[in-house]
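Report on the structure given below.
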Amino acid sequence: NVAFVMWGIQYSTASSSQLIYAAQPMLNLLVSNYIIKDRRYPVYSYIGVIVGLLGLGLILYQSSVGRGETISGSIVGNLLIVVAMLGWFAYIMLSKKLSKDFTALELSSTAVYVSLFVTSLLLLYQIGFTSTPIHLPLAGIAGAVYMGLFGTFLTYILMQVAIKRLSTLTVNLSSYIQPLCVAILAI
């Protein structure tokens, strides 16, 4: 997920990536109702998701126009971000099913180890094709450990607890909150 976002954002815009991720709740409604048929959501859920999507689109559009940017991005970048969004969506849907048999710690640990393995392979690939030297100062290593523990592992555990206790739609609605948090933290 993160690897595809990082790769895709090089060819797209932050606004495009937020709009793509904002499609998750609608995708959740459609998949839950019509494909896996595990839960039927009432009409007001659809209305709420559509209003949220339109509101997010309006906010992103106005903020981009105010800075003279475009929302579009390139097709390659947007497709990579779509792949990342679909990966995250599949992770949430699969986690809901697996949370019946495994604890949040077990699911989170597995996700972090798989991510570490895949990201390490991508790092080796990138090092092999770009002769970029790697510098690992102590402060950088300490920051990576801190982000790994608190920014990743703790977040994954909390996400798994939410997935177990809430509907997948409620969990996917976090994609509407993220741009607001980013805007507040960027001030």
Side-chain angles (χ1 to χ4, degrees), residues 1-22 24 56 59-60 63-64 67-71 73-74 76-96 98-99 102-166 171-187:
N1 170 340
V2 174
F4 282 105
V5 169
M6 299 302 289
W7 190 14
I9 205 72
Q10 295 176 22
Y11 307 104
S12 188
T13 64
S15 298
S16 289
S17 70
Q18 288 300 313
L19 281 175
I20 291 167
Y21 267 84
Q24 273 185 308
L56 179 62
I59 291 168
L60 291 173
S63 66
S64 294
R67 291 186 304 229
E69 298 175 354
T70 62
I71 291 181
S74 76
V76 172
N78 289 341
L79 285 175
L80 289 168
I81 293 170
V82 166
V83 169
M85 183 271 293
L86 291 174
W88 184 248
F89 176 76
Y91 170 75
I92 290 174
M93 299 300 280
L94 184 60
S95 290
K96 183 68 174 179
L98 293 174
S99 69
F102 299 98
T103 67
L105 183 62
E106 291 170 326
L107 290 170
S108 300
S109 299
T110 303
V112 169
Y113 286 131
V114 168
S115 296
L116 178 65
F117 177 74
V118 171
T119 306
S120 297
L121 290 177
L122 292 172
L123 175 66
L124 292 174
Y125 173 79
Q126 185 172 1
I127 290 170
F129 285 99
T130 64
S131 304
T132 308
I134 297 177
H135 301 284
L136 296 172
L138 184 58
I141 293 171
V145 169
Y146 175 80
M147 288 303 295
L149 286 175
F150 296 106
T152 303
F153 192 64
L154 184 61
T155 304
Y156 270 79
I157 289 174
L158 294 173
M159 179 66 78
Q160 286 300 329
V161 169
I163 289 169
K164 186 172 188 116
R165 295 181 183 197
L166 304 170
V171 174
N172 276 317
L173 285 173
S174 68
S175 64
Y176 289 168
I177 297 169
Q178 291 167 351
L180 177 64
C181 292
V182 168
I184 290 170
L185 292 172
I187 294 175

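What you see is a predicted model; the values in this text were computed from it and never measured.
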Residue pair Phe153 / Ser109, side-chain heavy-atom distance below 4.5 Å: yes

Validation row: Phe102, Thr110 side chains within 4.5 angstrom (heavy atoms): no

Of all heavy-atom pairs between [X] and [Y], which one has the smallest distance, and what is that distance?
X      : Y      : result
Lys96  : Ile163 : NZ-O, 2.8 Å
Lys164 : Ser99  : NZ-O, 2.6 Å
Leu107 : Gln160 : CD1-OE1, 3.1 Å
Asn78  : Ser12  : OD1-OG, 2.5 Å

As an exercise, state the distance from [atom1] of [X] to [atom2] of [Y], rounded to the nearest 0.5 Å.
X     : Y     : atom1 : atom2 : result
Leu86 : Gln24 : CG    : CD    : 8.5 Å
Trp88 : Ser95 : CH2   : OG    : 7.5 Å
Phe4  : Ile9  : CZ    : CD1   : 14.5 Å
Leu80 : Ser17 : CG    : OG    : 12.0 Å

Flag if over 12 foreign heavy atoms under 6.0 Å of CH2, Trp7: no

